[in-house]
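Here's the structure we're looking at; comments come further down.
Heavy atoms only: backbone and side chains are in, while hydrogens, waters and symmetry mates are out.
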Amino acid sequence: MASTAAGKQRIPKVAKVKNKAPAEVQITAEQLLREAKERELELLPPPPKQKITDEEELNDYKLKKRKGFEDNIRKNRTVISNWIKYAQWEESLKEVQRKHGYIAHSRRVFERAVEFCGDKSIMDEQLFFVVLCKAPSKQKEFERVRVIYKYALDRIPKQQAQELFKTYTVFEKRFGDRRGIEDVIVSKRRFQYEEEVKANPHNYDAWFDYLRLVESDADPDPVRDVYERAIANVPPIQEKRHWRRYIYLWINYALYEELEARDPEKTRQVYQACLELIPHKKFTFAKMWLLYGQFEIRQKNLPFARKSLGTGIGKCPKNKLFKGYIELELQLREFDRCRKLYEKYLEFGPENCTTWIKFAELETILGDMDRARAIYELAIGQPRLDMPEVLWKSYIDFEIEQEEYEKTRELYRRLLQRTQHVKVWISYAQFELSLESEDRLAKCQQIYEEANKAMRNCEEKEERLMLLESWRDLEAEFGTDITRDRVRKLLPEKVKKRRKLQAEDGSDAGWEEYYDYIFPEDSANQPNLKLLAMAKMWKKQKQQEEELEQPEEPGESEDSEDSESEKVEVPEHQEEQKGAEAPTEQDTYGDEKKNES
């Protein structure tokens, strides 16, 4: 039993030793949990049970808390939450009504955070929420709040500043004036345009909208900055159609510097930089040269204006540039310079009839008729002209104004040697009729006679018909019955014909109806006229036979019979003889015109 008892006494001793270690481990875990909870609640004010009895104890508590916050920031300065906790604790002291010392201290903490975290990659908009909403706003320092808002919106990435912008809008609506609210709206639109031009820098329409927005600002520096950013996006392809919108950025930039900023030297630099940028060997913009010259004129710098326009003509002669330069010299009454410019202009484009006419008109205004006539003679002698009919008309009108009627007739004859156009004949006849002379009607009728003979072989029968109609109108007003009857007999018959059509592969595509004019004077058309007369008589005879066989129905009149008798149907055997040009219907054109007159 002793041995057994001894054995029993040894076992508890070993058990006592083993039970001590788990107890110590359990106490250590509880301590760690308690410490973690204390760290989570370290921002809260002291619990109600913990009372601070005097000011010295309170100062010791504050010193201890500040030291803890400073140590955390010193360990890791890039963790924004450490800064925020520190600032929130300083704010929680609520000692604003007593020495404002803690507010300044809190502000210094935020300023240190902003200075350290100034990089956009580190900046967090939550930091500014705390600064703006809980610190200066409560102290009614609205101007300070506004400055910090703008500072934040300029530096925080736009994608991360949506909530910040909304808070800024609410702030301005509560504490700002109309100007402040407008600034918020402008800032929002600025943000939208920034996103658009960032997505596509060559979206020039977005740049135009952006520039209109910033030009409302009184400060020219931001406007210039946006203009410089816009014009830096040069079109990648040297084709004019890609530069048309881009070039207006430069134009607006120059106009802004001249009219809004009122900086002539800067305006001159903008124009010169633009003209150096344009690839003049491939294309140019005459508008830029003209605008620059007009700007120098407004600055009363005429030599610079002439030099720039002359350089433009030398590098890239264009019609618009010549016209603008000539118009400028005309306004300055420098007619000798205008003559030299017209000469250069015609060397560049001798086929331009408008230039010849303008040059001759200038000499006419100056009273040098021989010089103007010589210019017209040079013009009509050019081998190639873009609008010769306009040039000849201008020359003829010039001679009529000078009352040189013989020279006018000579011009008409020279023109008719080149062309037999019906309008030239009619214009010649009307010219003779407009003169105050006894034989004007006879000369006019003679011209119509010549024209009718000359146009017999004309393929365009409508033009010949136009001539006869004009002649008929003349005789109706000034002629006699004999001359009227003679012209009426010259008018053609309007007939409807049909012709065979063929497809592209040569197969038969059916028949097509068309109208043709048959002139009595043409001997080749005499068989056709006889055929039409026979067809008309046959149609009339057939109708009379039908009327004898059938009684007349009530309501029919003789007028309807007459109108039906005018329609002609060609018999089948005659149509087969004519082939592809067999007439199917005729209209007595001369009788109709006679009835109308």
Side-chain angles (χ1 to χ4, degrees), residues 409 412-413 415-435 437-499 513-537 539-540 562-563 565-568 570 574 578 581-597:
R409 293 187 181 96
Y412 272 117
R413 292 298 179 183
L415 179 58
L416 288 171
Q417 291 176 0
R418 299 190 179 190
T419 178
Q420 293 288 324
H421 199 277
V422 62
K423 291 184 178 180
V424 178
W425 286 107
I426 294 175
S427 177
Y428 188 13
Q430 291 176 350
F431 159 71
E432 293 290 354
L433 187 64
S434 64
L435 299 180
S437 61
E438 296 180 355
D439 57 345
R440 60 173 188 166
L441 182 60
K443 290 183 178 180
C444 182
Q445 292 172 340
Q446 182 181 359
I447 293 172
Y448 276 116
E449 288 281 358
E450 295 179 9
N452 187 36
K453 292 178 181 179
M455 297 187 70
R456 283 181 180 177
N457 298 326
C458 180
E459 296 181 357
E460 298 294 333
K461 295 184 178 181
E462 288 80 3
E463 293 185 1
R464 187 177 177 186
L465 174 62
M466 186 186 304
L467 176 71
L468 293 175
E469 288 178 343
S470 177
W471 191 3
R472 182 200 60 192
D473 296 338
L474 170 73
E475 298 297 343
E477 184 175 359
F478 301 101
T480 62
D481 294 337
I482 299 175
T483 56
R484 293 192 193 100
D485 185 64
R486 180 174 179 276
V487 174
R488 182 183 62 80
K489 292 180 179 179
L490 296 176
L491 292 172
E493 297 277 349
K494 182 180 180 182
V495 296
K496 184 190 294 185
K497 294 184 178 180
R498 63 178 185 173
R499 54 193 169 194
E513 291 186 351
Y514 69 99
Y515 286 97
D516 192 11
Y517 296 98
I518 300 178
F519 292 88
E521 289 184 325
D522 298 344
S523 58
N525 292 328
Q526 294 299 327
N528 293 336
L529 293 178
K530 292 180 179 179
L531 179 63
L532 290 174
M534 292 173 62
K536 186 176 180 180
M537 292 176 62
K539 178 66 177 178
K540 189 174 182 180
D562 295 337
S563 60
S565 63
E566 292 181 359
K567 297 182 180 179
V568 179
V570 181
Q574 293 180 359
K578 291 300 294 179
E581 293 189 355
T584 60
E585 182 179 341
Q586 73 140 357
D587 196 3
T588 309
Y589 189 83
D591 294 340
E592 289 182 359
K593 299 301 179 180
K594 181 179 179 181
N595 294 333
E596 290 178 2
S597 61

Report the relative orientation of the aromatic rings in Phe431 and Tyr412; use parallel for angles under 30°, tilted for 30 to 60°, perpendicular for over 60°. tilted
Who pairs with Glu432 by side-chain hydrogen bond (donor to acceptor under 3.5 Å, both in side chains), at least two apart in sequence or on another chain? Arg409
Residue pairs involving residues 438-473 (criterion ring-ring contact (aromatic ring centres under 6.0 Å, His included); sequence neighbours excluded):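 Listed by first then second residue: Tyr448-Trp471.
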Report the distance from atom [atom1] of [X] to atom [atom2] of [Y], rounding to the nearest 0.5 Å.
| X | Y | atom1 | atom2 | result |
| --- | --- | --- | --- | --- |
| Leu490 | Leu465 | CG | CG | 12.0 Å |
| Arg499 | Tyr514 | CZ | OH | 5.5 Å |
| His421 | Leu415 | NE2 | CG | 10.5 Å |
| Glu469 | Arg464 | CD | CZ | 13.0 Å |
| Arg472 | Arg488 | CZ | CZ | 11.5 Å |
| Ile447 | Leu433 | CD1 | CG | 9.5 Å |

Look at Arg413 together with Glu450 and state whether they make a salt bridge at an N to O cut-off of under 4.0 Å.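 So Arg413 pairs with Glu450 through a salt bridge.
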Do Arg486 and Glu449 sit within salt-bridge range, that is, some charged N less than 4.0 Å from a carboxylate O? yes
Side-chain contact test, heavy atoms from C-beta onward, threshold under 4.5 Å: evaluate it for Ile426 versus Ser470 and give yes or no.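 Result yes, sub-4.5 Å side-chain heavy-atom pair found.
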Would you say Gln430 and Leu474 make side-chain contact, with heavy atoms under 4.5 Å? no
Does Tyr515 have Lys497 sitting over its ring (NZ/CZ under 6.0 Å from centre, angle to axis within 45°)?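 Judged by the rule, Lys497 and Tyr515 form no cation-pi pair.
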Closest approach of [X] to [Y] (non-hydrogen atoms, all atoms of both residues):
| X | Y | value |
| --- | --- | --- |
| Cys444 | Ala429 | SG-O, 3.4 Å |
| Lys461 | Phe519 | O-CZ, 3.9 Å |
| Val487 | Leu468 | CG1-O, 4.1 Å |
| Thr483 | Gln445 | CG2-NE2, 4.4 Å |

Give a yes or no on whether the backbone of Gly479 and the side-chain of Arg484 come within a donor-acceptor separation of less than 3.5 Å. yes
Are Gln420 and Trp425 close enough that a side-chain donor and a side-chain acceptor fall under 3.5 Å? yes
